[in-house]
Amino acid sequence: MTEKGPTPLERFINGILPENPVYRQVLGMCPTLAVTNGMKAAMTMAAAVAFVLVCANILTSLIRNLLKPHLRILVFTLTIATFVTVADRIIAAYMYDMSKQLGPYIPLIIVNCIIICRCEVCASKQNVLTAATDALGQSLGFALALASIASVREILGSGSWFGIEVMPAGWPDWVVMVLPPGAFLTLGLLLGAANWIGELAARRRTTQGVA
Amino acid sequence: MKDNYLKQAWLVLLLALCFGGVLAGVEHSLKGRIDENKKADTLGQIPNLVPGAVSASFSNGVYRAVTQNGDHAGWVLLVTGQGFADKVELLLGLNADASQITGVYILDQKETPGLGNKIVEDEWRAQFAGKSTQQPLEIVKRKAEKDNEIEAVTGATISSETVKDMVNRAAADFRRQLASGGF
């Protein structure tokens, strides 16, 4: 390591909120919108992405000194595709119903830009410990973002959370929330809220700095 | 020049070989389990695919569906074909003399989300039930009018054609085998 970057712990924390992949980097929008109509599907997706991200980051970091600059994207894609296929087969073997429900979205993790972004930005330049903590932080951030959107959509749209009824018996399901438009509405509002809170915090910091 | 290429690409080649090995290992160790899951799914779908059937026995590559009191109700075939994105696996239900389609169920597909993957929806699949196997089915891009017409999924002609072709081919093959006393 020649340049001084954030420490592994800082990278881990950064991934969760300050550089949250969904709310701050606005990456990985396809699964964020497509599989958040229920908590179960969203958490399966988050776990699969975490598995692929951690494995791909560690492997990329291990071979980082052997990478040829013009072939690196090819190597990243190859690595990611392999781990995605492993994840896909494991889900098909042990969570068959979920695998049918998620269908092509599991193979589509290959093109989830969060993963290739971490390989490029972090793992191909940092040691294994740094790459692994970075991947864990980003995965946790992604899982939190999916959980926040899926909670809103499942509770309002189906009156349940993880399939367990949570709303009073007379709750009229907001069907739109489980349909694609509900994903855009929820993401837009939560993204707006995240920006607003971020701005308030930043403003408070500057006024404190002046005083 | 040649060894220059190798010098550049040896890592990619080596990784491809290793990853290929890993995937073969994963497939080998999980295939049995995945097949079992699909078989359980198939058996669970028998009552929907063949009206009146409650269970089925597997022999010679087909499921023979029987009713509660053991009468032969129909057949269920597992059909595989190339879809728009990847392999499509479906179950085709036929009545006892294979003259009529009684149901279609998509077992595995990776078609485009929002377009091609609508082939799994009940409403679209229901078009197949009750169709005769005497003449090949056809996909049309309007309301189905004739007896052998199936309305395509909007924006997914290839996925629709795939399912239709698989059904036509499997039904014709099976009728021939049945006629020659194969079962």
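Lettering follows sequence order; numbering is per chain, from 1. Computed from a predicted structure; not experimentally measured.
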To the nearest 0.5 Å, what is the distance between CG (Asp97(A)) and CG (Asp41(B))? 7.5 Å
Here the gap from Lys38(B) atom NZ to Tyr96(A) atom OH, rounded to the nearest 0.5 Å, amounts to 6.0 Å
Part of Ile106(B) lying under 4.5 Å from any heavy atom of chain A: backbone
Between CD1 of Ile34(B) and CG of Asp88(A), what distance do you get to the nearest 0.5 Å? 8.0 Å
Is it true that, when you exclude Lys68(A) itself, more than 12 heavy atoms of the residues, nucleotides or ligands shown sit nearer than 6.0 Å to its NZ? yes
Working to the nearest 0.5 angstrom, can you tell me the gap between Leu11(B) CG and Ile63(A) CD1? 5.0 Å
Quick check against the 3.5 Å criterion: does Lys100(A) have a side-chain atom that pairs as donor or acceptor with the backbone of Gln109(B)? no
Under 4.5 Å from any heavy atom of chain A, what part of Leu15(B) do you find: side chain, backbone, both or neither? both
Atom CG of residue position Asp86(B) - does it have more than 12 heavy atoms of other residues, nucleotides or ligands inside 6.0 Å? yes
Answer key: most heavy-atom pairs under 4.5 Å with chain B among Val75(A), Thr85(A), Thr79(A) is Thr79(A)
Could you pull out the closest heavy-atom pair between Pro104(A) and Glu111(B), with the gap in Å? CG-O, 3.4 Å
Which distance, rounded to the nearest 0.5 Å, do you find between the CG of Leu66(A) and the CH2 of Trp10(B)? 4.5 Å
Report which part of Lys31(B) has an atom under 4.5 Å of a heavy atom belonging to chain A: side chain, backbone, both, or neither. neither
Part of Glu27(B) lying under 4.5 Å from any heavy atom of chain A: side chain
Under 4.5 Å heavy-atom distance to chain A, tell me which part of Val12(B) shows up: side chain, backbone, both or neither. both
Do you know the tightest heavy-atom contact between Ala16(B) and Leu78(A)? N-CD2, 3.8 Å
Shortest non-hydrogen contact from Leu108(A) to Pro113(B)? CD1-CG, 4.2 Å
Does Phe84(B) CZ have over 12 foreign heavy atoms under 6.0 Å away? no
